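What's counted below: heavy atoms across the whole structure, side chains too, no hydrogens, waters or symmetry copies. If you're wondering where the values come from, they're calculated on a predicted model, not measured in any experiment. Letters A, B, ... mirror the listed sequences (proteins, then strands); counts begin at 1.
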Amino acid sequence: MSITREIPVRPPLALTVVGVLGGAALLLPFVALVAGVDLRRLPRLLTSPEALDALWLSLRTSLTATAVCLVLGIPLALALNRLDFPGRSLARSLVLLPLVVPPVVGGIALTEAFGRRGLVGEHLHALGIEIAFTSAAVVLAQVFVSLPFLVVALEGTLQTRGEAHERTALSLGASPARTFLTVTLPLMGPGLLAGTVLTFARALGEFGATITFAGSLQGTTRTLPLQVYLERETDPEAAVALSLVLVAVALAVITLAYGRRRVRLP
Amino acid sequence: MSRALPALAAASALALTGCAGGVSEAGATAGDVTLTVFAAASLADAFEEIGERFEVEHPGVEVRFNVAGSSSLAQQIRAGAPADVFASADEPTMDRAVEADAVSGSPRPFATNVLALVTPPDNPAGIASLQDAAAEGVDLVVCAPQVPCGAATATLAADAGLALAPVSEESSVTDVLGKVTSGEADAGLVYATDAAAAGDAVHAVRLERAGSAVNTYPIAALAHSEHRELAEAFVEFVLGAPGRQVLRDDGFGAP
């Protein structure tokens with residue numbers, strides 16, 4: 001699509017002014033957060049046993065959740081994009097559900113499904129498998145809320161790349177498995193990177209579903225966001241310091257996902 | 001059109017600051033007065049009723065409540081939230097507001113609460129005492145030590161000489177109750193008033209020495225209240241006969 005004439009298209013000035021205000025509304029809280037940090041106390045606040053436990057737990061669970069999302073998300077995105085089945089567009093919308101419902105609703109839904117008296121959890125309980133109050137519950141909550149990010153990113157890439165390359169490979173006699181590994185997967189590359197990074201970020205920030213479904217215990221289920229929420233009760237400075245860590249990670253994630261390549265947001 | 005621009009920008013800026021303003025700014029129109037009361041979560045039902053009675057006695061006054069965990073409320077008050085009265089679930093939390101010079105005069109105790117051990121209605125783990133709840137393999141949920149009900153829990157356990165091994169330490173007593181009513185937890189330690197309000201949704205287990213951890217609830221008018229007299233009147237009302245009766249009906253003890 002080439003532009004025929006070199007007339008720059010600009011929004012009206014009034015809208016630009018409002019737009020700048022909108023930008024300020026987004027950034028001001030973060031500026032205030034950074035301004036609120038007591039630099040002298042920062043090292044001690046970030047290295048307290050509680051903070052380190054929360055950080056380590058958050059990293060472990062978020063990485064696990066991201067791995068699970070990749071294992072489940074790549075096939076799911078492929079099925080939604082490459083398979084023709086009745087109700088496909090409905091299925092594609094439903095995948096977005098965890099992304100749209102409030103996290104606390106997600107937590108209640110997870111409890112209804114995997115809680116001790118839940119639809120599936122009841123049978124797991126009978127088999128001696130307990131999910132609630134374990135780190136597995138944290139991972140489950142993280143997968144639930146972050147999987148849609150990966151699926152949407154991958155689907156977007158699959159859509160724009162089209163099927164031509166895969167069709168060529170298949171017509172030249174490559175097996176479906178080989179076509180997937182050598183053609184489809186590399187084609188998904190950019191979406192995979194952006195999607196994976198966003199998935200990790202969403203998992204790291206998960207709060208509502210975790211506190212509702214998994215509980216809050218140091219080293220087991222109290223992730224960084226839950227630690228921030230609890231610290232706020234008695235030591236707001238510690239809460240601010242820990243928040244800063246999450247903001248720093250978020251900034252790194254945005255840079256990684258959108259900095260070098262101009263990958264479009266889904 | 002371009003002349004309207006500064007006005008538009010100013011309006012947006014106002015809207016923005018308005019967004020950040022917080023509670024209790026609306027409603028303070030001429031003629032009526034809005035009294036904003038920050039009350040501990042466990043007081044929600046009792047204060048709702050006390051507020052209604054207070055409104056009947058003071059025409060033109062509207063009492064509004066910000067109900068949350070005491071520590072959160074103290075935090076908001078220290079950060080300058082526009083509140084007239086603060087009622088906390090324990091004294092250390094009120095002290096934090098006092099230290100910040102946010103309180104007018106000295107806080108006065110108006111109620112007490114003790115802890116109760118609750119289980120799901122069918123009591124799946126067969127809990128009959130605090131000892132049972134502390135046993136290995138029992139999914140016990142309590143409040144985190146950072147919040148008043150958690151501080152009381154620690155006192156109770158120390159008095160009983162028990163080391164509790166909870167599977168979760170929640171930020172508020174309502175979260176503990178939720179984990180018990182949903183059947184996720186085998187047992188939970190909540191306030192006696194919460195246990196009473198939950199009714200059939202939980203099975204209450206009698207605690208031998210519940211009296212070893214008594215939370216005293218203090219109330220105070222706040223220093224930067226714009227309706228100081230009315231705030232003092234509300235405090236008197238809670239401490240007086242009408243307040244005492246409502247609190248007693250809800251299961252609170254007298255200080």
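Between the side chains of B:S72 and A:R232, at least one donor N or O sits under 3.5 Å from an acceptor N or O. Side-chain contact check for A:D53 and A:Q227: no donor-acceptor pair (N or O, by modelled atom type) lies under 3.5 Å. A donor atom on one side chain and an acceptor atom on the other are found under 3.5 Å apart for A:E206 and A:T210. In this structure, a donor-acceptor pair under 3.5 Å is absent between the side chains of B:E184 and A:T111.
Taking A:G215, A:P236, A:S216 one by one and counting their heavy-atom pairs under 4.5 Å with chain B, the maximum is reached by A:S216. No other option in B:E169, B:Q75, B:R96 has as many heavy-atom pairs under 4.5 Å with chain A as B:E169.
Using a 4.5 Å cut-off between heavy atoms, B:Q146 contacts chain A through both its backbone and its side chain. Of the atoms belonging to A:T212, it is backbone heavy atoms, and not side-chain ones, that fall under 4.5 Å from chain B. If you measure heavy-atom distances from B:V147 to chain A, the contacts under 4.5 Å come from the side chain alone. With a 4.5 angstrom heavy-atom cutoff, B:A74 does not touch chain A via any of its atoms.
In this structure the side chain of B:D186 never reaches within 4.5 angstrom of the side chain of B:L140, judged on heavy atoms.
For B:F47 and B:Y217, the distance between ring centers is not under 6.0 angstrom.
How far CZ of A:R116 is from CD1 of A:I129: 14.5 Å, rounded to the nearest 0.5 Å.
Within residues 130-137 of chain B, no residue has any heavy atom closer than 4.5 Å to a heavy atom of chain A.
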Exercise for review: Please lay out, stage by stage, how B:D101 and B:R78 fare under the test salt bridge (charged side-chain N to carboxylate O under 4.0 Å, His left out).
Suggested key: CA-CA 9 Å; B:D101 291 328; B:R78 288 178 70 137; over 6 Å; no
